[in-house]
There are 2 protein chains.
Amino acid sequence: MPTAILTEESMRDQLLDAVEQVFYARGIQAANMSELRDAAGLPLRRIYQLFPSKDELIVAFLRRRHDRLMAMLEAQVAAADSPEDRVLALFAHLDAWFREPSFRGCPWTNAYCELGPTNPAVAAEVDHHELEHRALVTRVVLDAGYSPEIADVVYLLIAGAVTTAGVQHSLDAAVQARHGVRILLASSQAEVALTT
Amino acid sequence: MPTAILTEESMRDQLLDAVEQVFYARGIQAANMSELRDAAGLPLRRIYQLFPSKDELIVAFLRRRHDRLMAMLEAQVAAADSPEDRVLALFAHLDAWFREPSFRGCPWTNAYCELGPTNPAVAAEVDHHELEHRALVTRVVLDAGYSPEIADVVYLLIAGAVTTAGVQHSLDAAVQARHGVRILLASSQAEVALTT
DNA sequence: TCGCGATGAGAATGATCATTCTCAGTCGGC
DNA sequence: GCCGACTGAGAATGATCATTCTCATCGCGA
């Protein structure tokens with residue numbers, strides 16, 4: 001019965017597509033299972049066959065989005081020409097993201113604020129995302145020859161831009177953050193130039 | 001009946017003290033009215049006399065905390081000796097805040113993530129806070145002689161530090177952000193020195 | 001053609017929670 | 001000392017929602 005297996009896969013994808021859209025647009029708690037059913041076009045019975053509870057759906061949503069983000073970031077970073085451009089590519093990605101009409105802040109921060117204090121599984125998934133994302137940013141900055149302290153600042157600028165864009169609907173946050181990073185990198189190179 | 005008025009005031013304070021603690025520690029949606037009643041030591045009936053709905057309690061919580069934060073920031077900024085120290089005082093405040101054991105992220109970001117998409121009154125209150133807070137930061141940076149672009153970056157660093165400290169429980173976020181600001185300010189002064 | 005295992009659609013269940021109501025007690029004014 | 005308005009404590013209400021259940025139907029192998 002290969003058909004059954006294939007359809008299970010496609011139903012899972014169809015469900016997670018809908019879940020991503022609804023959870024992200026409306027908030028996780030505000031989205032109820034009936035809404036997910038309507039958006040996914042699948043009966044509740046089937047949804048519960050695929051994921052035994054809403055909590056597991058939340059974790060799957062966060063994980064899937066994380067995997068996609070990380071792959072996209074790796075690709076965009078890899079496509080940049082110079083190590084410094086790799087750092088700036090992170091901000092180009094942010095800028096494009098903020099300008100998507102559906103942008104509504106960081107899915108992991110949102111989930112953590114909504115559920116973190118009461119839902120350990122969600123908190124763990126958010127933790128996992130934050131660690132991997134921060135590790136990627138740090139690696140890109142270190143590979144470009146800057147110090148760990150600079151990497152921390154770059155990370156904070158990214159986090160600040162995402163939060164500010166999400167809460168204040170400020171489309172310029174990525175540009176402003178990139179401006180800060182440029183100054184930072186230039187001054188750090190000046191330091192290196194002085195000491196070498 | 002001045003006694004009655006006085007007691008109403010003190011009951012309101014007692015209630016809002018408890019509400020602040022419970023909403024902030026457990027999350028707004030996770031905290032139910034019975035919990036608030038227990039924490040405040042007031043009957044539900046009285047709570048509803050003081051605030052006709054949980055929504056109004058949420059807005060009052062955010063507003064009270066906002067007023068206190070702004071007053072504290074103004075005081076700490078005013079106490080600093082030089083304009084540059086006034087900028088750095090913002091980060092000293094962050095550092096102390098992050099190290100409070102009860103620290104659990106930014107109350108306004110938390111509220112916005114939890115309720116913003118579904119509760120216009122909360123969204124408006126968060127907006128109000130963000131605008132005033134950002135205006136204060138911008139004013140302090142401009143008064144120290146830096147450019148609006150620098151003020152934007154300083155603001156993003158503050159936002160990033162708060163988010164990162166909240167989600168990643170990173171106690172060093174304020175120190176890292178201050179490091180970034182120092183570089184930023186120094187390089188901006190160098191520019192000014194070069195052009196004047 | 002027959003019967004069975006799974007399916008879809010939506011109703012039932014049980015829990016949680018904001019909000020309101022009940023009722024027995026209490027206090028201030030007379 | 002007495003009456004009426006108010007109070008506290010907690011139960012009742014009504015809504016919402018995750019999760020489960022019912023049942024009529026369907027696809028498929030024999």
Side-chain angles (χ1 to χ4, degrees), chain A residues 1-16 18-20 22-62 111 114-115 117-122 125, chain B residues 1-16 18-20 22-62 111 114-115 117-122 125:
Chain A
M1 60 190 70
T3 15
I5 288 174
L6 280 181
T7 6
E8 168 154 349
E9 276 307 297
S10 78
M11 280 190 301
R12 179 180 290 257
D13 280 350
Q14 182 179 337
L15 172 58
L16 286 177
V19 161
E20 260 181 51
V22 174
F23 275 170
Y24 185 58
R26 303 226 321 117
I28 294 173
Q29 307 210 56
N32 61 40
M33 296 300 290
S34 310
E35 244 170 299
L36 297 182
R37 173 198 56 191
D38 294 346
L42 291 173
L44 271 182
R45 181 202 193 81
R46 169 80 52 199
I47 294 178
Y48 278 95
Q49 264 175 13
L50 294 168
F51 296 91
S53 72
K54 188 182 183 184
D55 277 3
E56 313 224 10
L57 215 41
I58 298 168
V59 171
F61 150 64
L62 293 174
E114 276 198 71
L115 302 168
T118 53
N119 191 320
V122 169
E125 189 58 38
Chain B
M1 61 192 68
T3 15
I5 288 174
L6 280 182
T7 5
E8 168 153 349
E9 277 305 298
S10 80
M11 280 191 300
R12 179 180 289 258
D13 280 351
Q14 182 178 337
L15 171 57
L16 286 176
V19 161
E20 260 180 52
V22 174
F23 274 171
Y24 185 58
R26 304 226 320 116
I28 293 173
Q29 307 209 57
N32 61 40
M33 296 300 291
S34 310
E35 245 170 299
L36 298 182
R37 174 198 55 191
D38 295 346
L42 291 173
L44 271 182
R45 180 202 194 81
R46 169 80 52 195
I47 295 178
Y48 278 95
Q49 266 174 12
L50 295 168
F51 296 91
S53 72
K54 189 182 182 185
D55 277 2
E56 312 224 13
L57 216 39
I58 298 168
V59 171
F61 150 63
L62 293 174
E114 275 198 72
L115 302 169
T118 53
N119 191 320
V122 169
E125 188 59 39

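Note that the structure is predicted; figures quoted are calculated from it, not measured. Just so we're on the same page: letters track the sequence lines, and every chain starts at 1.
- Nucleotide dG8(D) holds its P atom 15 Å from the CG atom of Asp38(B), rounded to whole Å.
- Applying the salt bridge (Lys or Arg N to Asp or Glu O under 4.0 Å) definition to pairs two or more places apart or across chains, those involving residues 23-35 of chain A are Arg26(A)-Glu35(A).
- Judged purely by atom type and a 3.5 angstrom limit, Lys54(B) has no side-chain atom pairing as donor or acceptor with the backbone of Asn32(B).
- As rounded to whole Å, 11 Å separates atom C1' of dA18(D) from atom CD1 of Ile58(A).
- The two atoms that bring Phe23(B) and Phe61(B) nearest to each other are CD1-CD2, 3.6 Å, heavy atoms only.
- A heavy-atom distance below 4.0 Å to DNA chain D is reached by these residues of residues 42-51 of chain A, ordered by number: Leu44(A), Arg45(A), Tyr48(A).
- The side chain to side chain contact (heavy atoms under 4.5 Å, CB included) search around Gln14(B) returns Leu42(B), not counting sequence neighbours.
- Not one N or O on the side chain of Glu114(B) forms a donor-acceptor pair closer than 3.5 Å with the backbone of Gly27(B).
- Contacts classified as salt bridge (Lys or Arg N to Asp or Glu O under 4.0 Å) and involving residues 37-47 of chain B (residues at least two apart or in different chains) are not found.
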Per-nucleotide protein contact string for nucleotides 12-17 of chain D (B base, S sugar-phosphate only, - none; heavy atom under 4.0 Å): -----S
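- Partners of Ala121(A) under the side chain to side chain contact (heavy atoms under 4.5 Å, CB included) rule, at least two apart in sequence or in another chain, are Val59(A), Asn119(A).
- Residues Ala25(B) and Pro117(A) approach most closely at O-CB, 4.5 Å, considering heavy atoms.
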